[in-house]
Amino acid sequence: MISALYFLIVAYFTAAFLVYMFRERKLSAQISTALVLILLLLRLFLVK
Amino acid sequence: MRIRSDFKPFRLSRHTLTAVMLLLLVGAICLVSGLEFLKMHRPDVFYPSQGVTHVAMLSDYFGRLKNSPGDSEIYVFKGEAPGGRILILGGTHPNEPAGFVTSVLLLENIRVLRGTVFILPQANLSGFTHNDPQEGNPQHFGLETGKGIRWFRFGSRLTNPVHQWPDPVLHINPAGQKLAGMESRNLNRSYPGRPKGSLTEKIAYAITKFIREEKIDLSIDLHEAAPEYPVINAIVFHENSAELAATALMELQMDGYEFRLEASPPTLRGLSHREWGDHTGTMAVLLESANAAHGRLKGRPSPELIIHGKDRNYVKASRLGLLFVPFTTEGIPLRKRVSRHLAAIQALAAGLSELYPEKSLIFQDFPQAATIEDRGIGPSLHPPK
């Protein structure tokens with residue numbers, strides 16, 4: 001149950017960051033978002 | 001044919017194009033780093049000696065571990081004559097390679113003529129699938145056998161959080177000791193385990209049940225610790241094995257090995273040397289060797305530091321009198337740490353035979369500590385296939 005909740009939280013943030021990256025017009029902000037997305041995606045797929 | 005005058009070709013705006021490119025880059029980085037992380041999930045390969053009579057699984061003793069990341073192999077060496085029954089446990093903490101390598105050396109060499117030896121080389125198998133964050137530790141280290149390099153994983157002290165999550169803020173272990181939350185993933189704080197607990201507690205429960213069901217006389221848990229840690233080069237014993245530990249110590253000292261005896265504190269709960277003795281009746285012993293790669297004062301972590309054990313910070317710390325073991329420019333190499341474990345296991349088995357003749361053990365092809373220290377570990381390992 002708690003793992004499912006965790007997945008949902010990580011999935012929500014991943015989706016939110018992804019949308020933000022596409023809406024953002026400043027390149028530096030897009031790059032910063034991409035860096036955070038790497039960590040979220042690795043966590044979402046439970047690689048580590 | 002009419003052509004629509006309001007037709008506009010589809011064009012990506014500049015910021016959408018950069019977002020797509022960044023997304024592709026993120027995917028590539030995730031793929032490369034993900035594959036790197038997943039290398040840790042490839043199992044280590046062992047080549048048991050011809051003396052092995054049976055390979056059991058921890059789940060044979062506790063079914064709930066079956067197909068879980070904690071289900072580990074137990075190599076059984078049963079002699080033709082009945083005698084003592086001993087357990088050698090490596091890999092409780094997968095970032096303490098001397099214990100793990102010692103158990104691999106034993107399972108790839110020994111034959112048992114009298115008594116039964118059980119070897120569990122990777123007690124916390126989940127801990128081998130990742131390593132400690134922010135430590136910069138290598139994922140693997142290699143030992144040259146003369147016919148190729150044998151690679152082994154260098155894991156973490158704790159169960160992989162992918163397999164057990166989340167850590168509580170405060171952890172009260174099965175023996176009632178209060179600990180920091182992350183210690184809930186430490187196998188050697190989880191004894192005697194809980195059948196319906198976390199993965200780590202289930203592994204601890206399975207090991208405790210295994211010791212009880214197999215009526216193990218002597219259980220040896222192999223560890224390493226930092227040179228600045230006071231319980232080092234030590235035999236930690238439960239009060240039920242005090243005489244045995246003292247007998248073994250005398251034999252070790254006669255062979256030139258300095259060990260200190262440490263009684264298992266009755267108030268320090270959840271550790272193997274305390275709970276095995278209390279809950280199963282086995283004579284419980286824990287061995288510690290000194291590993292610079294494990295310490296807080298170390299320089300750059302690397303496979304060389306794990307294998308050769310040389311570190312100038314520790315040489316300086318030794319000169320300043322901050323360590324509990326002598327540390328020179330020669331370092332404390334893995335072969336020396338493994339040879340100490342081997343010598344102690346042999347002395348404990350000899351002590352068991354001396355104190356309880358009906359529980360005596362006779363080995364053949366037991367890797368000799370002096371040979372391992374002189375020639376290194378690799379030549380006594382099976383070459384890779």
Side-chain angles (χ1 to χ4, degrees), chain A, chain B residues 12-42 68-69 94 126-137 139 153 155-156 158-169 181-182 184-185 196-199:
Chain A
M1 175 62 192
I2 198 153
S3 295
L5 186 68
Y6 173 68
F7 270 118
L8 283 175
I9 293 168
V10 178
Y12 169 77
F13 277 108
T14 309
F17 273 74
L18 202 59
V19 170
Y20 176 80
M21 190 171 77
F22 276 88
R23 282 188 184 164
E24 180 57 54
R25 288 175 180 274
K26 263 174 72 182
L27 180 64
S28 61
Q30 282 184 312
I31 292 171
S32 305
T33 314
L35 289 172
V36 179
L37 264 177
I38 294 169
L39 306 178
L40 285 169
L41 283 170
L42 285 173
R43 205 66 184 144
L44 191 65
F45 294 117
L46 288 183
V47 171
K48 176 70 172 81
Chain B
L12 285 175
S13 60
R14 195 180 65 86
H15 74 275
T16 310
L17 194 65
T18 52
V20 170
M21 286 169 68
L22 281 169
L23 191 60
L24 290 173
L25 190 65
V26 165
I29 292 171
C30 283
L31 187 72
V32 172
S33 53
L35 289 174
E36 200 60 34
F37 280 129
L38 290 175
K39 274 184 190 170
M40 293 284 287
H41 288 259
R42 284 186 210 148
S68 80
S126 166
F128 281 86
T129 62
H130 72 135
N131 54 18
D132 294 317
Q134 301 180 5
E135 288 287 330
N137 283 331
Q139 292 183 319
R153 287 179 285 178
S156 165
L158 306 172
T159 300
N160 194 332
V162 163
H163 301 143
Q164 182 183 319
W165 186 89
D167 291 342
V169 176
M182 65 192 288
S184 64
R185 290 183 285 122
K196 291 181 182 174
S198 64
L199 175 67

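Residue numbering restarts at 1 for every chain, and letters A, B, ... go by the order of the sequence lines. Note that these values count all heavy atoms, side chains included, but never hydrogens, waters or copies made by symmetry.
- Atom CG of B:L22 sits about 11.0 Å away from atom CG of A:L18, to the nearest 0.5 Å.
- At a 4.5 Å heavy-atom cutoff, A:L39 makes no contact with chain B through either its backbone or its side chain.
- To the nearest 0.5 angstrom, A:T33 atom OG1 is 11.5 Å from B:L23 atom CG.
- A pairwise comparison of heavy atoms in A:Q30 and B:H15 identifies NE2-O, 2.8 Å as the closest pair.
- Scanning both residues, B:A19 and A:M21, for their nearest heavy atoms gives O-CE, 3.4 Å.
- Around CZ of A:F13, the count of heavy atoms belonging to other residues, nucleotides or ligands within 6.0 Å does not exceed 12.
- B:S33 and A:L42 get closest at one heavy-atom pair: OG-CD1, 3.8 Å.
- The distance from atom NZ of A:K26 to atom OG1 of B:T18, rounded to the nearest 0.5 Å, is 13.0 Å.
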